[in-house]
Amino acid sequence: MAYGFRPVQMSGSRYQTGGFVELPIEDDTLGTAIYNGGPVAYTIASTTAATGISANVTPKDNDLSIGILVGARWVNSSGEQKWGQYYDGASTNVAGSAYGFVVPVDGVVFQVQGNAAWDRKYIGFECLVTGSGGSTSTGNSSLSLLQVTTDATNACILPVGVLENGNDTSSTPDVLVRFASAGIQTKPLI
């Protein structure tokens with residue numbers, strides 16, 4: 001007897017995952033760091049080296065994101081297993097040894113620094129991000145939100161509110177956002 005689709009597991013819901021999934025990092029990205037809080041995209045290719053996640057510093061509806069990096073593990077050139085808040089991307093890391101811990105963007109609300117004092121008028125408009133890279137001392141991404149009152153071209157970040165922590169009237173408020181469905185890459189989440 002057929003029964004249609006029944007939910008049995010959500011992405012990141014496995015035992016002791018903290019709500020994230022572990023995905024391989026592209027070997028083709030050796031030499032490129034991926035910072036904590038930075039969006040990532042997943043490449044599916046016919047060659048193993050080009051398959052996996054890579055930094056997606058310009059998340060748009062034509063440059064899809066699968067999730068946000070929250071940490072990584074890899075093997076360095078000395079054969080040591082390394083764990084970090086971000087992936088250092090050293091060109092001497094062992095190929096095939098790097099994995100990123102990723103929070104899937106679908107259905108998740110994130111906090112990001114805005115670029116103007118908060119006002120409700122920003123809610124629902126499709127925004128872009130600005131910045132690149134990150135800090136090697138903190139491991140955090142340097143991306144922030146470009147708040148707008150008209151949809152930005154190909155933008156996919158939607159403000160839904162502000163974190164009311166006393167910083168909401170500053171020029172760098174903590175804005176609550178979600179990814180619009182047009183900017184979400186849906187495969188190959190496990």
Side-chain angles (χ1 to χ4, degrees), residues 8-108 110-113 128-145 154 156-157 177-190:
V8 295
Q9 183 178 29
M10 295 181 68
S11 292
S13 66
R14 292 189 180 147
Y15 179 66
Q16 294 186 340
T17 65
F20 53 78
V21 293
E22 182 180 60
L23 297 170
I25 295 175
E26 277 186 39
D27 287 344
D28 286 357
T29 64
L30 289 175
T32 304
I34 307 173
Y35 294 93
N36 185 297
V40 294
Y42 195 92
T43 301
I44 299 171
S46 59
T47 63
T48 304
T51 298
I53 61 171
S54 59
N56 184 17
V57 294
T58 56
K60 297 180 181 178
D61 64 13
N62 59 356
D63 195 2
L64 306 178
S65 296
I66 197 165
I68 303 296
L69 188 88
V70 294
R73 67 179 177 90
W74 65 94
V75 176
N76 68 11
S77 60
S78 301
E80 301 167 320
Q81 179 72 49
K82 296 292 186 176
W83 297 78
Q85 177 164 309
Y86 75 106
Y87 175 58
D88 74 353
S91 60
T92 56
N93 288 341
V94 175
S97 73
Y99 291 85
F101 305 118
V102 176
V103 175
V105 293
D106 194 13
V108 176
F110 296 94
Q111 172 183 327
V112 65
Q113 181 179 301
L128 297 170
V129 295
T130 185
S132 63
S135 168
T136 56
S137 60
T138 67
N140 292 333
S141 168
S142 65
L143 295 180
S144 60
L145 185 71
N154 296 322
C156 66
I157 311 297
V177 299
R178 68 176 181 80
F179 279 68
S181 58
I184 299 173
Q185 181 182 17
T186 57
K187 59 183 182 180
L189 286 180
I190 298 169

I'd like a table of donor-acceptor pairs (distance under 3.5 Å, sequence neighbours excluded) in which one partner is a side-chain atom from residues 59-67, with atom names and distances.
from: Asp63; atom 1: OD2; to: Thr58; atom 2: OG1; distance (Å): 3.1
from: Ser65; atom 1: OG; to: Asn56; atom 2: ND2; distance (Å): 2.9

### Message
Would Asp27 and Asn93 count as a side chain to side chain donor-acceptor pair (under 3.5 Å) here? Give the steps.
### Response
CA-CA 9 Å; Asp27 287 344; Asn93 288 341; over 6 Å; no

### Task
Spell out, as yes or no, whether a donor-acceptor pair under 3.5 Å connects the side chain of Ser54 to the backbone of Glu26.
no

### Query
Given the rule in the side-chain contact (heavy atoms from CB on, under 4.5 Å) test, do Thr92 and Asn76 qualify, once you have shown the distances and angles that lead to the verdict?
CA-CA 7 Å; Thr92 56; Asn76 68 11; over 6 Å; no

### Query
Restricting to pairs with a member in residues 50-72, which pass ring-ring contact (aromatic ring centres under 6.0 Å, His included), not counting sequence neighbours?
none

### Task
Sequence neighbours left out, what passes side-chain hydrogen bond (donor to acceptor under 3.5 Å, both in side chains) with Gln85? Give chain and number order.
Asn140

### Task
Could you walk me through whether Val177 and Leu145 pass side-chain contact (heavy atoms from CB on, under 4.5 Å), step by step?
CA-CA 9 Å; Val177 299; Leu145 185 71; 3.9 Å; yes

### Query
Does Val75 offer a backbone N or O that forms a donor-acceptor pair with the side chain of Ser97 under 3.5 Å?
yes

### Message
For the CD atom of Gln185 and the OG1 atom of Thr43, what is their distance to the nearest 0.5 Å?
### Response
7.5 Å

### Query
Considering residues at least two apart in sequence or located in another chain, which fulfil the ring pair (Phe, Tyr, Trp, His ring centres under 6.0 Å) criterion with Phe179?
none

### Query
Got a second to check how far Leu69's CG is from Ile25's CD1, nearest 0.5 Å?
6.5 Å

### Task
Indicate yes or no: at least one non-hydrogen side-chain atom of Tyr42 is less than 4.5 angstrom from one of Thr51.
yes

### Message
Can you tell me which residue among Thr136, Val70, Thr138 is in a side chain to side chain contact (heavy atoms under 4.5 Å, CB included) with Tyr86?
### Response
Thr136

### Message
Ring centres under 6.0 Å, that's the criterion: do Tyr87 and Trp74 meet it?
### Response
yes

### Verdict with supporting geometry, Ile53 and Val102, side-chain contact (heavy atoms from CB on, under 4.5 Å)
CA-CA 9 Å; Ile53 61 171; Val102 176; 3.9 Å; yes

### Atom pair CH2/CZ of Trp83 and Phe101 - distance to nearest 0.5 Å
4.5 Å

### Query
Val129 and Val112: side-chain contact (heavy atoms from CB on, under 4.5 Å), yes or no, with the steps?
CA-CA 10 Å; Val129 295; Val112 65; 5.6 Å; no

### Query
Say you draw a straight line from CD1 of Ile68 to OH of Tyr35; how long is it, rounded to the nearest 0.5 Å?
16.0 Å

#### Entry: All side-chain hydrogen bond (donor to acceptor under 3.5 Å, both in side chains) counterparts of Ser144, not counting sequence neighbours
none

### Query
Restricting to pairs with a member in residues 69-86, which pass salt bridge (Lys or Arg N to Asp or Glu O under 4.0 Å), not counting sequence neighbours?
Glu22-Arg73, Glu80-Lys82

### Query
Checking Ser142 side chain against Ser132 main chain: does a donor-acceptor pair fall under 3.5 Å?
yes

